[in-house]
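One is the number of the first residue; the rest follow in order along the sequence.
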Amino acid sequence: MNKNVKKVAVGLATVSAGVLTVAGGETVHADTVSATTDTSSTTTVSQNNQKVEHAANVVNSKGKVQQAAKTVTDTQSNVTVAKDQVTKAQQDLDAAKQTNDVDSSQKALDEATKAQADAQKSSDKAISDQNAAQTKADQAQSALNQAKDNQTKAQGDQVKAAQNAKDATPENISKTKDDIDQTTTKVSQDQSAKEQAQQAEQQKKQDASTAKTANDTAQAKAKQGQADVDTAKANVNSAQDQVNKDNAAISDNTSKQQANATKIEKDKQAQADANNGISETNSALTATNKAQQSAQSDLTAKTATTKDAQTNLTAAQTAKQQAQTVVNSTKESIADNQANLAAHNTITLPSGMTADLIKNAYFSRDNSVIANAKAITAKGFDITSNAYRSNAKDKKVLISNKLTSAQQLELTEFAADLLNQVRSQISDGIPIVISQDAIDFATKVAAGYDADNWDILEKGGHDVEAISKVASSYGLLSGGNYYEDAASGFKPANMDEAKENIYTALTSLLFNDSDSEFGHTHSLMGLRLYDSEFDNTTKTFFSPSIDKYGNVHFLLIDNGDSTMISGNTFDTTEIGNPTGDVAKIKATIATLQTQLTSQNADLEAKTATVNSLATTLKADQDAQTKAQTVLNTVKAKISSLNQQLSNYQVKLQQAQTAQKDDEAEQQGLANTQLVLEDRLATDSTAVNTANADLSSKEATLQTLVKEASVSQQALTDANTALATAAANYKTATATLSNDEDQLTSLKQQLSNYENAPKLLQAAVANLEQAKEQVKVASATVDKANADLSVAKNVAIAQAEVLKNAKNTVVTAKKALATKQAIIKQAQAEFDTAQKNVIKLEKALQQAQTNYTRAQANLEKARTVANNYFNKLQNQANEQGSVLLNDAKNVSVALPKVQHVLGTANANGVVVPTSYQPSKVIGLRVNNGGVSQQQFVKISSPSVKQSASSSLATGLPQTDESDNATETLYGIALLGMTCATMFFIPRRKKSVK
């Protein structure tokens with residue numbers, strides 16, 4: 001609360017539970033009650049004999065502490081039990097996994113499934129063979145049936161040929177010729193009759209077509225006549241509807257004229273009201289504008305002060321941020337260098353791993369020499385320092401499908417440093433250096449492996465063609481692998497994994513290379529193949545690369561003449577740092593730490609400056625905010641008045657516009673009335689015209705309907721005649737066809753008689769051939785049936801095998817499912833037990849927190865109670881007019897007042913300054929809320945309470961969120977009020 005005195009008016013006789021805000025966010029509530037005055041002029045308060053420990057707040061807090069302690073104990077017990085359940089569940093799960101071997105059951109199921117698949121294939125083949133045999137048997141049977149049918153037909157043909165030979169007498173031949181002549185004549189007559197009938201039918205078709213055309217025309221005219229009548233009727237209805245609408249429009253327009261006249265009178269009154277509002281608002285604006293000018297001047301001055309303070313703070317903050325940035329940068333540099341130092345990898349050769357050892361093993365074929373070298377080199381894995389040291393910073397550097405140039409150089413320096421460490425430990429190791437072409441050489445070789453899909457694990461060797469191709473592109477020695485050592489690895493996701501991949505590959509090639517006769521070890525240690533007089537190599541250009549399979553390639557290009565052929569284009573310009581520099585890193589760290597000490601001191605000084613300027617700015621901003629609030633209030637009032645003025649002006653304009661519009665509308669309605677009356681006269685004439693046209697079209701329709709009926713009858717008669725002619729034509733056609741068939745039959749009979757001996761001989765020959773075909777087909781059927789029987793037996797046997805295999809699979813699945821279910825149940829019980837432990841541990845943590853809070857609240861309650869008693873006793877001693885009794889209530893004599901006018905003192909306690917008779921107001925305080933237990937009860941001093949009653953119910957309640965000082969505001973308010981009213985007579989009626 002600010003230093004200004006805050007006026008407080010508390011309550012009216014009819015106001016209940018009013019709210020008043022005082023310092024610190026407390027809330028003062030006013031409860032309105034009736035009261036009567038008492039003639040007593042003093043208030044007596046009995047001495048406090050109640051112990052603090054008996055106060056309800058303290059007793060309640062003790063109970064909460066005990067309950068919280070019990071909750072902690074119970075929850076701890078539950079956690080212990082739950083953990084035991086987890087242990088048991090884990091044991092049950094392990095036992096379930098041990099006794100239920102899922103892998104063996106899965107293996108048995110896989111084997112049974114494979115056996116079933118094999119049996120299914122065999123069964124399918126047997127069924128297919130059976131179906132093929134069945135098809136052949138069916139085809140053979142069909143061929144046999146056809147042969148038998150042919151034999152039967154041949155037998156019938158022979159009988160017919162024999163009978164024909166018997167009937168071929170001269171008499172029958174002569175008679176057949178006569179019948180042919182007679183039938184030929186009859187066919188000629190039939191042909192003439194058919195032609196005549198056809199001509200008659202064509203004529204009747206023409207007659208029927210003509211009648212149909214005439215009827216269609218007549219029907220169309222009748223239909224059109226009906227349409228004309230319908231249209232005329234619609235015209236009559238439409239015209240009548242329009243007349244009805246005209247009458248309705250005239251009636252509606254008359255009503256509108258009457259309503260509009262009323263609106264015009266209202267528009268005039270609205271203009272008068274708006275003019276009065278404009279005049280009153282302008283007067284208020286004049287006064288408020290003067291207040292705004294004063295508030296604006298005050299705000300302008302305070303804004304300038306705040307701006308200067310902000311400028312100073314911003315400058316100081318910028319300086320602090322710059323200092324912080326410098327500190328952060330130095331810390332980051334120190335951390336980076338320390339990480340690099342801690343993660344510096346080394347390779348130490350084991351004792352005895354000399355150049356001579358590797359050379360002898362490399363060139364020797366003596367197994368003992370090789371075995372000795374193997375044993376010594378393998379000790380490299382036993383050296384503790386020969387282990388990869390991870391770098392957290394490198395883990396954050398992700399690798400995409402292709403390394404960047406910086407990443408490739410970093411990996412090359414990493415590997416080169418390791419090899420130079422190795423070579424420095426032997427007598428004649430050739431130093432490693434780096435060049436851009438060496439890096440490119442390695443990159444291209446890895447790309448060649450990728451293009452050739454060459455995985456060294458799968459291929460079992462180097463991609464010599466890819467290596468030679470790259471060497472040839474630089475003009476170096478080619479035709480073989482003179483450059484690469486390679487090892488299997490993994491595809492790295494970040495720089496740390498890439499370095500680990502390289503480190504692992506190098507140690508493997510150095511300490512576990514006996515199976516390659518120490519060729520990789522010899523190469524990586526930089527040992528010469530020949531004496532210096534034959535090999536003038538002085539340095540080796542080097543770079544590693546990693547292919548898409550994760551395999552590591554180490555490319556070493558010696559600078560000797562045997563490798564670098566004259567005229568080559570390989571760039572030998574050295575780049576990077578192939579040796580590492582631990583001492584340099586340590587020196588850098590020391591320098592940075594010295595700088596950091598100075599930078600931290602500078603940062604602290606600038607931070608202090610920022611804090612000081614921030615305090616100044618806060619004060620200036622508070623003053624500016626207050627000034628702004630005053631100005632905003634005035635502006636808001638001006639804005640409100642302007643809006644009010646604008647509203648009145650809008651209303652005036654709207655009323656004026658409305659009057660003009662309504663008057664114009666009234667004139668328009670009058671004009672509309674004349675137009676509507678003219679339209680009614682015109683539309684009435686149209687109704688009479690439409691009725692006359694309808695009568696004319698109805699008469700025309702009657703004539704057209706009669707004509708259509710006559711033409712329809714003519715069409716029916718023509719169609720009947722056509723049907724008769726068509727039937728006659730059909731009969732003549734059938735007669736001709738029958739006679740032609742008879743003639744053809746007679747001619748065939750004559751031919752059979754004349755060729756009887758030949759036909760009989762041919763029939764006998766056909767019969768013999770048919771019999772032979774039946775014999776052949778019967779033999780084929782027998783063989784096919786025998787093959788089918790064999791195929792069926794095989795299919796039955798394979799089906800039984802498949803059935804057994806399926807049963808085995810079902811049994812295996814059930815066994816596997818049973819074991820999986822047992823393990824799943826055990827796992828579920830274990831998971832449930834674990835979740836229960838986590839839940840209970842959280843509950844225990846909360847219970848412990850509640851216990852600690854309850855203990856704190858107990859101490860707070862004791863303090864509040866003790867302060868409460870001391871405060872009231874002190875007031876009683878000072879005023880001599882306040883007496884605390886040992887009952888629940890504080891006995892006080894209050895005046896009968898209507899208002900209590902007071903001001904808030906420095907502590908936020910309202911001190912009464914004047915009184916008005918009529919009603920009394922009781923006040924209470926709480927922190928953020930009100931309950932029936934959170935205010936002081938006041939009763940008549942004439943009412944005595946028993947000593948056994950507890951004063952505690954009158955105490956402010958203490959809980960986790962209560963504040964003792966805030967609670968005492970209400971008590972202090974009561975004490976101050978009583979102290980200033982000692983001269984008022986006692987009242988008879990108690991109030992709360």
Side-chain angles (χ1 to χ4, degrees), residues 1-2 4-16 18-21 30 249 251-307 620-676 898-899 901 903 916:
M1 182 174 180
N2 56 37
N4 296 329
V5 176
K6 184 175 182 179
K7 294 288 185 178
V8 182
V10 187
L12 291 174
T14 59
V15 178
S16 174
V19 178
L20 165 66
T21 301
S251 177
D252 180 63
N253 194 67
T254 300
S255 298
K256 290 181 179 178
Q257 289 181 25
Q258 295 172 351
N260 202 57
T262 302
K263 288 172 62 178
I264 291 173
E265 292 303 321
K266 291 182 179 180
D267 295 338
K268 292 178 180 179
Q269 183 59 46
Q271 293 179 53
D273 294 341
N275 282 322
N276 290 335
I278 290 172
S279 178
E280 294 173 356
T281 304
N282 280 328
S283 298
L285 272 173
T286 300
T288 309
N289 282 328
K290 292 180 180 179
Q292 180 185 5
Q293 293 174 357
S294 175
Q296 183 63 60
S297 298
D298 183 49
L299 175 61
T300 300
K302 288 182 170 59
T303 300
T305 301
T306 301
K307 184 178 180 180
D620 293 340
Q621 286 175 332
D622 290 343
Q624 180 186 359
T625 300
K626 292 177 182 178
Q628 183 66 60
T629 300
V630 172
L631 178 60
N632 290 343
T633 302
V634 175
K635 285 184 176 180
K637 184 175 181 180
I638 291 175
S639 177
S640 176
L641 290 171
N642 282 328
Q643 183 61 48
Q644 181 176 312
L645 177 63
S646 176
N647 291 341
Y648 280 130
Q649 291 171 338
V650 169
K651 288 180 180 179
L652 176 61
Q653 183 178 2
Q654 289 175 340
Q656 292 171 341
T657 302
Q659 181 180 348
K660 292 180 181 179
D661 292 343
D662 292 340
E663 289 174 346
E665 182 179 358
Q666 191 73 354
Q667 182 60 46
L669 290 171
N671 295 336
T672 300
Q673 189 76 7
L674 296 175
V675 173
L676 290 174
Q898 181 177 12
H899 293 81
L901 301 178
T903 57
Q916 296 181 16

Open item on the list: Given 3.5 Å as the limit, does a donor-acceptor pair link the side chain of S640 with the main chain of A636, or not?
Closed with: no

Open item on the list: Strictly distance-based, threshold 3.5 Å: is any side-chain N or O of N253 a donor or acceptor partner for the main-chain N or O of L669?
Closed with: yes

Atom pair [atom1] ([X]) and [atom2] ([Y]), whose distance is rounded to the nearest 0.5 Å:
{"X": "K302", "Y": "L631", "atom1": "NZ", "atom2": "CG", "value": "12.0 Å"}
{"X": "S251", "Y": "K256", "atom1": "OG", "atom2": "NZ", "value": "11.0 Å"}
{"X": "D273", "Y": "I278", "atom1": "CG", "atom2": "CD1", "value": "11.0 Å"}
{"X": "Q269", "Y": "I264", "atom1": "CD", "atom2": "CD1", "value": "15.0 Å"}
{"X": "T254", "Y": "L676", "atom1": "OG1", "atom2": "CG", "value": "9.0 Å"}
{"X": "Q643", "Y": "I638", "atom1": "CD", "atom2": "CD1", "value": "14.0 Å"}

Considering only heavy atoms from C-beta outward, does the side chain of [X] approach that of [Y] to under 4.5 Å?
{"X": "Q673", "Y": "Q257", "value": "yes"}
{"X": "K635", "Y": "Q296", "value": "yes"}
{"X": "D298", "Y": "V630", "value": "no"}

Open item on the list: So that I can tick it off, tell me whether D622 and K626 are bridged by a salt bridge, with the cut-off set at under 4.0 angstrom between side-chain N and carboxylate O.
Closed with: no

TODO: Considering non-hydrogen atoms only, spot the tightest contact between V634 and A291 and give its length.
DONE: CG1-C, 4.0 Å

TODO: Would you tell me whether Q659 and Q271 have side-chain atoms, one donor and one acceptor, within less than 3.5 Å of each other?
DONE: yes

Open item on the list: With no hydrogens and no angle check, just 3.5 Å: does a side-chain donor-acceptor pair link Q624 and T306?
Closed with: yes

- [ ] Determine which pairs satisfy salt bridge (charged side-chain N to carboxylate O under 4.0 Å, His left out) with at least one residue from residues 640-664, sequence neighbours left out, and list them in order.
- [x] K263-D662

Task: Residue pairs passing the side-chain hydrogen bond (donor to acceptor under 3.5 Å, both in side chains) test where at least one lies in residues 277-293, sequence neighbours excluded - done: T281-Q644

